[in-house]
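These notes are about the structure you will find just below.
As a basis for the values below, the full set of heavy atoms in this structure was taken, side chains included, without hydrogen atoms, waters or symmetry mates.
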Amino acid sequence: MDVISALDNSLRYDAEYGTRLSNHLPMLLVALHRLGATDERLAAASANYAGKLHAMPPLQTWNLGDPWRVPLGQPAAWPRFRDLFTIWLREELAGETLRQTLPALMPGCGAAAFHGLIRTAYAVDAAHRAELAHALAYWSSRWLDLGVNNSSDGGQDASPEGQRADPTPLLKAAAAVPGVGGSASGYIVERMHHAAWQPGFAAAVGGLRLDEATLPRLARHAARLYARSGNFTVLHLVTSAWALRVLLPFVDEDDLPAAMGGYWRAYAAGAVSVAEKTLKTGPAPDPWPWPRIVQAAVNSDDEHVVKLVHACQQEQQAHGGADDWQRAATRALLGA
């Protein structure tokens, strides 16, 4: 089963399964393919993963006169969004569709613990139009309001004129805000939402300078933190940074500050939501060589490990600093 056929087959399944868990099958397939998995391995991985998925619910017709942004963040709109984006991508090139939609979607990029963003990037990477429609629909239906435009607590969103390039002191300040790590929920997205809406959070994270070096800094920060912690939430910061790098070429220059500001807000919320609860750090492991890392990932049945390794491989190629990414990938394969 080649990757395109596997993705075609994956369109039969709902975007979520169990108790609001994101369907990783299309992301897993593309990541395995990029890591060099054989068609036989793709078929086996697909069969193994699909056993826990739910059938796709029927499409619901999108009223073409309706403003598409109104139902953002409404999970029940997922079948209608699928119809909308299927039509949209039939009428427009994929790149143009992304340029039109990403400015509205990026303020809610923490959707489903970044999985709307990540799934969209994998669809773009695979150049699979139908999967892109499903990915954008999922992101839209789970769009997450983290108060990007809210400054009621005296803070301001990140801007190109911000004071700091290094995110580390801002994250430390945000982690010290009372209550940001106090959510008892086991869901990443709910802890992110809880953290982002605490009084003082916006002020703490609002001084980041946004420029072309911001995303590489955030990506490397996440990789180093994951290598020292193996934390599951931090893993999503690593893979989301790769995903945003894939999508940024489709964001117009005028929209870049807002897109990066939305991502930074979500990134910071994710990072600090575990600071007081489960984030335990230690020495990063000695890095395995890439051939060993890649082979172990291809043989893994853990979709998060596969995606993390793929992201680290791609980020190392893009940004350099092999040890940072190799150590993170090695940590994923060793387990937390």
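Ring geometry for W68 versus W88: interplanar angle over 60°, hence perpendicular rather than tilted (30 to 60°). Relative orientation of the W78 and H134 rings is perpendicular, given thresholds of 30° and 60° on the angle between their planes.
Using modelled atom types, one side-chain atom of W143 and one backbone atom of A104 make a donor-acceptor pair closer than 3.5 Å. Between the side chain of R20 and the backbone N or O of A112, no donor-acceptor pair lies under 3.5 Å. Distance alone, capped at 3.5 Å, places no donor-acceptor pair between the D255 side chain and the A258 backbone. A donor-acceptor distance shorter than 3.5 angstrom exists from the side chain of R265 to the backbone of L146, with no hydrogens or angles considered. Y13 contributes no side-chain N or O that, together with a main-chain N or O of L25, makes up a donor-acceptor pair within less than 3.5 Å.
You'll find the side chain of R119 stays beyond 4.5 Å of the side chain of W139, heavy atoms only. In this structure, the side chains of V30 and E131 stay at 4.5 Å or more apart for every pair of heavy atoms. Using a 4.5 Å heavy-atom cutoff, the side chains of H310 and R34 are in contact. Between W197 and D145 the shortest side-chain heavy-atom distance falls below 4.5 Å. Inter-residue side-chain proximity for R82 and M56 is flagged as met; some heavy-atom pair is nearer than 4.5 Å. Taking 4.5 Å as the limit, every side-chain heavy atom of W62 sits out of range of all side-chain heavy atoms of T86. Looking only at side-chain heavy atoms (C-beta outward), R142 and V189 stay at 4.5 Å or farther from each other. When side chains are defined from C-beta on, H304 counts as touching L235, because their heavy atoms get closer than 4.5 Å.
Around NZ of K52, the count of heavy atoms belonging to other residues, nucleotides or ligands within 6.0 Å exceeds 12.
Cluster membership check: M27 does not share its hydrophobic cluster with L11, using side-chain heavy-atom separations under 4.5 Å among Ile, Leu, Val, Met, Phe, Trp and Tyr. Residues Y17 and I118 share a single hydrophobic cluster, defined by chaining ILVMFWY side chains whose heavy atoms lie under 4.5 Å apart.
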Decide side chain to side chain donor-acceptor pair (under 3.5 Å) for D324 and H319; before the verdict, give the C-alpha distance in whole Å, the side-chain angles of both, and the deciding distance to 0.1 Å. CA-CA 10 Å; D324 291 331; H319 304 307; over 6 Å; no
For a salt bridge (charged side-chain N to carboxylate O under 4.0 Å, His left out) check, start with the C-alpha distance between R209 and D166, then their side-chain angles and the critical distance, and finish with the verdict. CA-CA 8 Å; R209 184 170 75 243; D166 183 2; over 6 Å; no
Run the numbers on Q313 and Q317 for side chain to side chain donor-acceptor pair (under 3.5 Å), then give the verdict. CA-CA 6 Å; Q313 183 190 56; Q317 292 174 9; 4.6 Å; no
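Here the OG1 atom belonging to T214 is positioned 9.5 Å from the CH2 atom belonging to W264, to the nearest 0.5 angstrom. For the atom pair CG (N23) and CG (L28), the distance works out to 9.5 Å, reported to the nearest 0.5 Å. Once rounded to the nearest 0.5 Å, the distance linking CG of D252 with CG of L102 reads 9.5 Å.
There is a side-chain donor-acceptor pair under 3.5 Å between S22 and Y138. Under 3.5 Å, the side chains of Y263 and S240 contain a donor-acceptor pair of N or O atoms. Between the side chains of S5 and D8, no donor N or O sits under 3.5 Å from an acceptor N or O. Between the side chains of Y122 and H128, not a single donor N or O lies within less than 3.5 Å of an accepting N or O. For the residue pair S10 and Y49, no side-chain donor N or O sits within less than 3.5 Å of a side-chain acceptor on the partner.
Residue pairs meeting the salt bridge (charged side-chain N to carboxylate O under 4.0 Å, His left out) criterion with at least one member in residues 61-79: none, sequence neighbours excluded.
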Exercise answer: donor-acceptor pairs, residues 286-297 side-chain atoms, under 3.5 Å, sequence neighbours excluded:
{"residue": "W290", "atom": "NE1", "partner": "Q316", "partner atom": "OE1", "Å": "3.4"}
{"residue": "Q295", "atom": "NE2", "partner": "N299", "partner atom": "OD1", "Å": "3.4"}

